[in-house]
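For reference, the structure discussed in these notes is given below.
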Amino acid sequence: MRSILAALQEGRLFELPEAGKDRVLEFLARILDANPDIQVGTDTIEEIKAREQQCNTGIGLGIAVPHIRAQREDGELYCAIGWSAAGIDYAATDGMHVHLVVMYYIPGAQKNVYLKEVSMVVKALKKLGGIDPIAHAADLNAVRNLLLDWVASVAGESGPEAVARMIRLEIKQSQVVPAAPVPERVPAALPFAVLIAPGRGNFVLATDAQWSASLERENNLAERLAAGTVFTAVGRQVFVLSSTPYADGRVLYQCAAIAASR
C-alpha cells in the first residue's frame with residue numbers, strides 16, 4: 001500500500017462535498033492532473049469517465065477505485081483519496097454507498113502493483129471492521145489514522161520500505177503541536193482546498209457544496225489566491241494557508257474561510 005502511504009504523507013487525502021459521483025470524479029481527476037508523470041495533453045476526466053461507462057469501479061464494501069492507465073510504462077503508482085461521511089451513490093454492484101474513493105494513475109509497469117494494492121485494501125477493510133469506522137469518522141484526521149491502521153494491518157505484505165514510511169508518518173503526526181482552544185465567539189473556520197488548473201478551470205473542495213460552486217465562479221480567483229492575502233468572497237473571508245505548485249501551472253491551495261464580519 002505504498003501509494004496510499006505516499007498520498008497520506010503528501011496531503012492527498014480530501015473530504016469530499018455532498019455531491020454526485022461525477023463531481024467527485026472530476027475533483028479527484030484534477031488532483032491526479034497535478035502528478036508530473038502524467039503526459040501533457042491527457043484528458044484525465046474524460047478517460048476516467050469513459051472507463052466508468054465500461055465498468056463501474058465501485059468494488060463493493062463502500063469503496064471505489066476509479067483509475068487511469070498511463071500510456072507510458074515507467075513511473076510510480078500514484079493515487080488521490082477522497083472521503084465522504086454522507087456516502088456517494090456510486091451504483092456499485094452491492095448497492096452500498098461509497099465512503100472512500102481511491103483514484104489511481106497506473107503506469108504500464110505498475111499494473112500488478114495496483115492489483116495487489118487493491119486486494120490489500122479489501123483485506124485490511126475486512127480485517128478491521130468494514131467501512132463503518134471510516135463512514136462514521138469524526139473528521140479527516142480520524143480517517144487518516146484509520147487508513148494508517150489499514151496499512152499497519154497488512155504492512156508485512158507491503159515490504160520493509162512501506163513499514164518504514166508508515167513509522168515516519170506516525171512520528172511526524174505525533175510531533176504536531178495541538179492548536180489552542182478557539183473562543184466560542186470566534187466563528188468556526190471552514191477548511192477547503194482549491195485546485196487552479198489553467199485552461200481547465202478552478203475546482204473548490206469544501207463541505208458546503210453551494211458555497212464551493214459559487215466560489216468557483218468568482219472573478220480573478222486564481223490571482224486573489226496567488227496574492228496570499230485575506231480576501232472576501234461569497235460572504236466569507238478567505239485565508240490562504242499554503243500552496244503547492246505542480247506541472248503546467250497548476251497550483252493546489254489549502255485554505256480556510258470564516259463568515260465575513262458585518
Side-chain angles (χ1 to χ4, degrees), residues 1-14 16 21-22 24-59 63-83 90 98 100-125 144 147-148 150-151 154-166 168-169 193 195-200 203 205 244-252:
M1 295 173 70
R2 287 181 296 175
S3 73
I4 287 178
L5 274 173
L8 295 175
Q9 284 181 309
E10 296 166 13
R12 281 181 270 115
L13 170 63
F14 301 91
L16 299 170
K21 175 181 175 179
D22 284 349
V24 166
L25 293 178
E26 287 172 7
F27 182 83
L28 291 176
R30 293 311 182 200
I31 302 301
L32 285 199
D33 271 340
N35 178 4
D37 283 346
I38 288 185
Q39 298 92 327
V40 174
T42 300
D43 195 331
T44 309
I45 288 177
E46 289 306 314
E47 292 196 26
I48 290 286
K49 288 184 176 180
R51 187 166 294 277
E52 283 296 319
Q53 291 177 353
Q54 295 171 5
C55 180
N56 190 297
T57 57
I59 60 175
I63 296 179
V65 288
H67 51 275
I68 178 172
R69 296 190 184 276
Q71 298 174 13
R72 63 202 303 177
E73 287 291 310
D74 60 320
E76 294 296 322
L77 188 65
Y78 183 96
C79 71
I81 308 170
W83 166 63
Y90 209 89
V98 163
L100 196 70
V101 182
V102 187
M103 183 177 285
Y104 285 95
Y105 165 79
I106 311 171
Q110 298 291 326
K111 286 186 289 187
N112 290 336
V113 176
Y114 159 73
L115 293 173
K116 183 178 180 180
E117 177 155 307
V118 171
S119 70
M120 286 195 293
V121 166
V122 173
K123 183 175 182 178
L125 172 76
R144 182 178 292 105
L147 289 176
L148 280 172
W150 284 18
V151 175
V154 293
E157 301 173 40
S158 304
E161 180 187 350
V163 176
R165 293 182 72 182
M166 183 184 69
R168 288 199 298 272
L169 180 56
L195 178 65
I196 302 296
R200 295 189 175 184
F203 299 87
L205 185 64
T244 306
Y246 292 97
D248 300 327
R250 292 165 290 196
V251 184
L252 181 66

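For clarity, every value in this text was computed on a predicted model and none was experimentally measured.
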Which heavy atom of [X] sits nearest to which heavy atom of [Y], and what is that distance?
X	Y	value
L32	M103	CD1-CG, 3.6 Å
Q110	L77	CG-N, 3.8 Å
C79	S3	SG-O, 3.4 Å

(request) Name all residues meeting the salt bridge (Lys or Arg N to Asp or Glu O under 4.0 Å) criterion together with R51; count only those two or more places apart in sequence or in a different chain, and write none if there are none. (result)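 So R51 forms no salt bridge (Lys or Arg N to Asp or Glu O under 4.0 Å) with any residue.
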
(request) Identify, with sequence neighbours excluded, every residue that meets salt bridge (Lys or Arg N to Asp or Glu O under 4.0 Å) alongside K49. (result)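 Checked K49 against salt bridge (Lys or Arg N to Asp or Glu O under 4.0 Å); matches are E26.
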
Quick one: are [X] and [Y] in side-chain contact, heavy atoms under 4.5 Å?
X	Y	answer
R250	D33	yes
D248	R200	no
L100	W150	yes
D74	P107	no
V102	L28	no
E52	Y90	yes
Y105	T44	no
I81	I4	yes

(request) Check whether the side chains of E117 and Y104 place a donor and an acceptor atom closer than 3.5 Å, and report yes or no. (result)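 Yes, a side-chain donor-acceptor pair sits under 3.5 Å.
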
(message) Does N112, at its CG atom, have more than 12 non-hydrogen atoms belonging to other residues, nucleotides or ligands within less than 6.0 Å?
(response)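 Counting other residues, nucleotides and ligands, CG of N112 stays at 12 neighbours or fewer.
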
Between [atom1] on residue [X] and [atom2] on residue [Y], distance to nearest 0.5 Å:
X	Y	atom1	atom2	result
R30	L252	CZ	CG	13.5 Å
L25	I45	CG	CD1	9.0 Å
R2	Q9	CZ	CD	12.5 Å
L8	L147	CG	CG	5.5 Å

(request) For E47, check side chain to side chain contact (heavy atoms under 4.5 Å, CB included) against everything at least two apart and list the hits. (result)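 By the side chain to side chain contact (heavy atoms under 4.5 Å, CB included) rule, E47 matches T42, I68.
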
(request) For the residue pair F14 and F27, categorise the inter-ring angle as parallel (less than 30°), tilted (30 to 60°) or perpendicular (more than 60°). (result)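 F14 and F27: perpendicular rings.
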
(request) Check the pair M1 / L5 against side chain to side chain contact (heavy atoms under 4.5 Å, CB included), numbers first and verdict last. (result) CA-CA 6 Å; M1 295 173 70; L5 274 173; 5.6 Å; no

